[in-house]
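Note: hydrogens, waters and symmetry copies are ignored here, and every other heavy atom, side chains too, is used. All chains are named by letter (A, B, ...) in the order of the sequence lines, taking the proteins before the strands, and each is independently numbered beginning at 1.
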Amino acid sequence: MAEEKELRYDPALIEPKWQERWAADPALYAAEPASCGKPKYYVLEMLPYPSGQLHMGHVRNYSIGDALARHMWMRGYNVLHPMGWDAFGLPAENAALKNNTPPREWTLANIAAMKRQMQRLGLGYDWATEVTTCLPDYYHWNQWFFLRMYEKGLVYRKQSKVNWCPECATVLANEQVVDGRCWRHDDTIVEQRNLEQWFFRITAYAQELLDGLDKLDGWPEKVRTMQRNWIGRSEGTEVDFTVEGSGEKIRVFTTRVDTIFGATSVQLAPEHPLITAFAAADAALKVKVDELIEEQKKAKEAGDVGAIEKHGVATGRFALNPYSGERVPVWVANYILMDYGTGAIMSVPGHDERDFEFATKYGIEIRRVIASADAASEEPALPFTSEDGVLVNSGEYNGLSCAAAEKKLQDVAAGKGFGKATVTFRLKDWGVSRQRYWGTPIPMIHCERDGLVPVPDEQLPVVLPPQIEITQQGGSPLGRVPEFVNVTCPKCGGAARRETDTMDTFVDSSWYFYRYTDAKNAGQPFDPAIAGYWFPIDQYIGGVEHAILHLIYSRFWTKVMRDLDLITNDEPARRLFTQGMVIKDGAKMSKSKGNVVSPDDMVARYGADATRMYALFAAPPDRDLDWQEDGVAGVSRFLGRVWRLAMKYAPVAKAGQAGAPQELNGGAVKLLRKLHQTTAKITQDFEGRWHFNTCVAAIMELVNDLQAADAQLAAGEIPAPVVRELLRTLVLLLAPFAPYLSAELWAELGEAGDVLRAPWPVSDPALAKEDELEVPVQINGKLVTVVRVAADASPKAIEAAALADEKIQARTAGKTVAKIIVVPGKLANLVVK
RNA sequence: GCGAAAGUGGCGGAAUUGGCAGACGCACCAGACUUAGGAUCUGGCGGGGAAACCCAUGAGGGUUCGAGUCCCUCCUUUCGCACCA
């Protein structure tokens, strides 16, 4: 009975034991200083929001990162594998409202709970570098950066229309509005409000952020494309049309100035200041304009701005084309956006689909000004939007190609001062003010005498008041705390008001990975020398949902820090990997769908190793993963087979430690061959392909082979040193995926030290090589049979073997073999007529 | 509408360069051991057929000795963008 009990794999017995040992030995997962002499490797997973519960998406993300980190440790690298908490944000305030718990307490309790979950999963983090963004020793540096950026003109304050989420009761950045809805509440429509707000001048880096994407070849093309779209660079021309009578200028932006002789109207956005002025003098127009504004707003809220029907109204005013002097009507239209370009366009219905649609509807003249470049061909139908053509009906510019005309027209405009070549970006400055309590206080003071006064560095950090009543009413909660608000002006010493907005939490996550390199530094955000050693990040791993948000802010912040001479790298991460979602029953796991699987349940039932290994086994890491609990049970059974096998033959393996090399029999050769093939396969995958699902499958195959050889093993037919190599290497291969079981078996095999410090096995190609091959033989491309030949058999020998085969002879009898194709090592194909 | 990725057994998935389709696992079936089994072990498991064989990777065409893989047309799903002038 005793032996039987010993042969049961029980993760509940193994895992807590090692968890305790690892907790007592923080050096195991600790990064070493640069002086260690090893090559460095920085592997980073996106830090979680401390909701209090890890979800399966985290488990998957962290299992991938941990496997990589463990592999790199075994490869002899100095690995930095840190973890932290994106700890500011609204849920803490909501929880405070609901449970009357202070946000700080709630957050810190959640962090403790999630840290326990991570430790239970056996994730190998360097907790000495832990970063918690809601603590003053971290957000101090948010404030410090804010002031440095203010000094460089990268922070400014302006009154503008901003996105307001009624649910969050705060302002959102453009990036945080998805289809007119809040990124955190996809059923909450974002409103537009006019407010005075703080902005980061991310547009100053628009061109560099765009250019840098070309060099980020370790990032998924998908993410790069999304960022390119978001930045939205567009080259064109600005041209002034003059309002007839008043002489006011309407500046339009166009990418097709070559078509300007075809402009038969000028179209303005309903919110264009000139329209506001026109409407003020024309009550009937005002009614129409207000309707258009309302319509645009509704479309924006519905998220289908592109789908609304185009319409507009003539203002009764006219404007003059600066090139031709032609008089064209000024319209206001619902398809013109105030926040792109200049909020005004020249409408060229002959050469633009949208203008064509509009002009057709309202009977505005449609004129051809671009003809086919090939004079012999028929004129293409309008609207003709190609830039491959020549100008017609364009006065002195007739006959020029589109490209040549654009250049010439731009020169003329610049020369005469009514326009210029220009570049427009869709990217807008990053609005960072939030009217919330649980965030980094913005370190500015409003003084009636001195205006905006930065908080002096020596007064940082501006600490959040700990006790504050959280309510749902609008406005910054900090504004209701007199001891926070009332300060003396650093300049004049008079009474002043402290800024009460806090920073967007994306500020926190824009640079946290730099802080990891020097997390305890009290005098600066980090030591540039230490960050210089670790950066750039070698591998960043996270969800694709941050392709625009976090990942563009982080790139911006890196460039700012570089320009502050804190770092020398231009980009934060050399390689980025975006893992797929975890879904269940065809839908993303979510509370509302009731299909959430708790990591704690999985760990309690099957152990951390099985849970993690299933997360890697069930699908390739970049694809969505369908969570099936039976699959976890399957992995758990597999780990049980490994355990029993290793325990059964551990004594033989130990005896093999002293064993001398000896003559190998066929069984041993076959097992060693499989072992070395498996080693090669897994090593290769870690080097780039990352199909960890097939790595786990390969280990399963190896174990199946070992199990099939059980009789030989039991009879002692496999020499002890071979048994030792087999089991030892099996445990090493398993170590990145199942850390607990590997640690346990490593000790059971009598190996000294931690398996994490053992060198990664090296595959010997000579041992991995097959000596005999099964070569499929086809007739006319269809498989007929398989012949066994030596691995190094010549094409001639394979051909001979194929022709000698009974089945082949039967099938070719009486027919002509026209041709024989032999691919050495692969197959033979007979073309038979 | 534009762009990208994907579509393979009952299910998750494999097939890295055009070369034995279905590795590995789940589920299921049969058997062994057992007082018992959510344990373990052995075998089976795409479809048709008694078999020889035939058919099969979303659909249809093509290139090739040979196509899941390359090309063309179409369908479906997911994701991103969407009056950006």
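Rounded to whole angstrom, the span from the CG atom of D258(A) across to the P atom of A85(B) amounts to 14 Å. If you take CE of M346(A) and P of A85(B), they are 12 Å apart, rounded to a whole angstrom. Per the geometry, CD1 belonging to I699(A) stands 19 Å off P belonging to A23(B), to the nearest Å. Remark: C1' of A14(B) and CD of E701(A) are 10 Å apart, rounded to the nearest angstrom. Residue W643(A) contributes atom CH2, which lies 17 Å from atom P of A39(B) at whole-angstrom precision. Rounded to an integer number of Å, the gap from L773(A) CG to C20(B) P is 13 Å. The CG-P distance, from D10(A) to U40(B), rounds to 13 Å in whole Å. Atoms NZ (K807(A)) and C1' (C20(B)) sit 12 Å apart, rounded to a whole Å.
No contact: D685(A) has no heavy atom under 4.0 Å from any strand. Within the nucleic acid shown, N704(A) comes within 4.0 Å of sugar-phosphate atoms alone, with no base atom in reach, counting heavy atoms only. Counting non-hydrogen atoms under 4.0 angstrom, G634(A) reaches the backbone sugars and phosphates but no base. Within the nucleic acid shown, V831(A) comes within 4.0 Å of sugar-phosphate atoms alone, with no base atom in reach, counting heavy atoms only. R224(A) comes within 4.0 angstrom of no nucleic acid atom, judged by non-hydrogen atoms across all strands. Heavy atoms of N829(A) sit under 4.0 angstrom from at least one base atom. Among the atoms of the strands shown, none is found under 4.0 Å from any heavy atom of L830(A). Counting non-hydrogen atoms under 4.0 angstrom, Q684(A) reaches a base of the nucleic acid.
Comparing V823(A) and A344(A) by the nucleotide of RNA chain B whose heavy atom lies nearest to each, the residue mapping closer to the 5' end is V823(A). Between E774(A) and E629(A), it is E774(A) whose nearest contact on RNA chain B lies nearer the 5' terminus.
G7(B) and G60(B) have their C1' atoms separated by 16 Å, with the value rounded to a whole Å. Nucleotides C45(B) and C65(B) place their C1' atoms 34 Å apart, quoted to the nearest Å. Using C1' as the reference atom, C79(B) and G66(B) are 36 Å apart when rounded to the nearest Å. For G47(B) and A39(B), the P atoms lie 25 Å apart once the distance is rounded to whole Å. With both ends at atom P, the span from A4(B) to A50(B) equals 49 Å, rounded to whole Å. Rounded to a whole angstrom, the distance from the C1' atom of A21(B) to that of C72(B) is 24 Å. Between the P atoms of A36(B) and C26(B), the separation comes to 24 Å (whole Å). Comparing the C1' positions of U57(B) and G18(B) gives a spacing of 15 Å, expressed to the nearest Å.
Counting only heavy atoms from C-beta on, L783(A) has its side chain closest to A21(B) among G12(B), C55(B), A21(B). Residue T255(A) places its side chain closer to A85(B) than to any other of C26(B), G80(B), A85(B). Here the nucleotide nearest the side chain of I821(A), chosen from A15(B), C65(B), A85(B), is C65(B). Among the nucleotides C24(B), C26(B), U16(B), the one closest to any side-chain atom of A697(A) is C24(B). Out of C20(B), C83(B), A27(B), the shortest distance to the side chain of Y335(A) is found at C83(B).
Between the CD1 atom of I798(A) and the CG atom of L773(A) there is a distance of 8.0 Å, given to the nearest 0.5 Å.
Between R8(A) and D10(A) there is no salt bridge, since no side-chain N of the basic residue sits under 4.0 Å from a carboxylate O of the acidic one. Of the charged side-chain nitrogens involved, none lies within less than 4.0 Å of a carboxylate oxygen, so that D339(A) and K161(A) do not count as a salt-bridged pair. A salt bridge links E221(A) with R228(A): at least one charged nitrogen is closer than 4.0 Å to a carboxylate oxygen.
Q677(A) contributes a side-chain N or O that, together with a main-chain N or O of A768(A), makes up a donor-acceptor pair within less than 3.5 Å. Within the 3.5 Å criterion, the main-chain N or O of I231(A) finds no donor-acceptor partner in the side chain of R426(A). A donor-acceptor contact shorter than 3.5 Å is absent between the side chain of D355(A) and the backbone of G350(A).
For N229(A), no side-chain nitrogen or oxygen approaches OP1 or OP2 of A4(B) to under 4.0 Å. Using a 4.0 Å cut-off, some side-chain N or O of R641(A) falls inside it from OP1 or OP2 of G25(B). Proximity of N693(A) to the phosphate of G12(B): no side-chain N or O atom is located under 4.0 Å from OP1 or OP2. Distances shorter than 4.0 Å separate none of the side-chain N or O atoms of R251(A) from OP1 or OP2 on A85(B). Residue R644(A) has a polar side-chain atom (N or O) positioned under 4.0 Å from OP1 or OP2 of C41(B). Between Q778(A) and C65(B) there is no side-chain polar atom (N or O) within less than 4.0 angstrom of OP1 or OP2. For U16(B), neither phosphate oxygen OP1 nor OP2 lies less than 4.0 angstrom from any side-chain nitrogen or oxygen of K681(A). Look at R623(A) and you won't find any side-chain N or O under 4.0 angstrom from OP1 or OP2 of A5(B). The side chain of T342(A) places no N or O atom within less than 4.0 Å of a non-bridging phosphate oxygen (OP1 or OP2) of A85(B). Distances shorter than 4.0 Å separate none of the side-chain N or O atoms of R426(A) from OP1 or OP2 on A85(B).
Of all the residues in residues 612-621 of chain A, F617(A), A618(A), P620(A) reach under 4.0 Å from RNA chain B with at least one non-hydrogen atom.
Classification of the Y614(A)-W627(A) ring pair by plane angle, with boundaries at 30° and 60°, yields perpendicular.
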**OP:** Could you walk me through whether L741(A) and V642(A) pass the side-chain contact (heavy atoms from CB on, under 4.5 Å) test, one step at a time?
**Re:** CA-CA 9 Å; L741(A) 180 61; V642(A) 173; 4.2 Å; yes
Subject >> side-chain contact (heavy atoms from CB on, under 4.5 Å) evaluation trace for K249(A) with F418(A) >> reply: CA-CA 9 Å; K249(A) 306 288 186 203; F418(A) 62 74; over 6 Å; no
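Taking the centre and axis of the six-membered ring of F358(A), the NZ or CZ atom of K310(A) falls outside the cone set by 45° and 6.0 Å. The side-chain tip of R575(A) does not point at the ring of W219(A) from less than 6.0 angstrom away and within 45° of straight on.
Side-chain atoms of K310(A) and base atoms of C83(B) include a donor and an acceptor less than 3.5 Å apart.
The shortest distance between side-chain heavy atoms of N829(A) and I820(A) does not fall below 4.5 Å.
The closest side-chain donor-acceptor pair between Y335(A) and E357(A), if any, does not fall under 3.5 angstrom.
Stems are defined here as 3 or more consecutive Watson-Crick or G-U wobble pairs with pairing distances under 3.5 Å; those involving RNA chain B are B:1-7 with B:75-81, B:10-12 with B:24-26, B:28-32 with B:40-44, B:46-48 with B:53-55, B:58-62 with B:70-74.
In this structure, G9(B) shows a glycosidic angle within 90 degrees of zero, which is the syn conformation.
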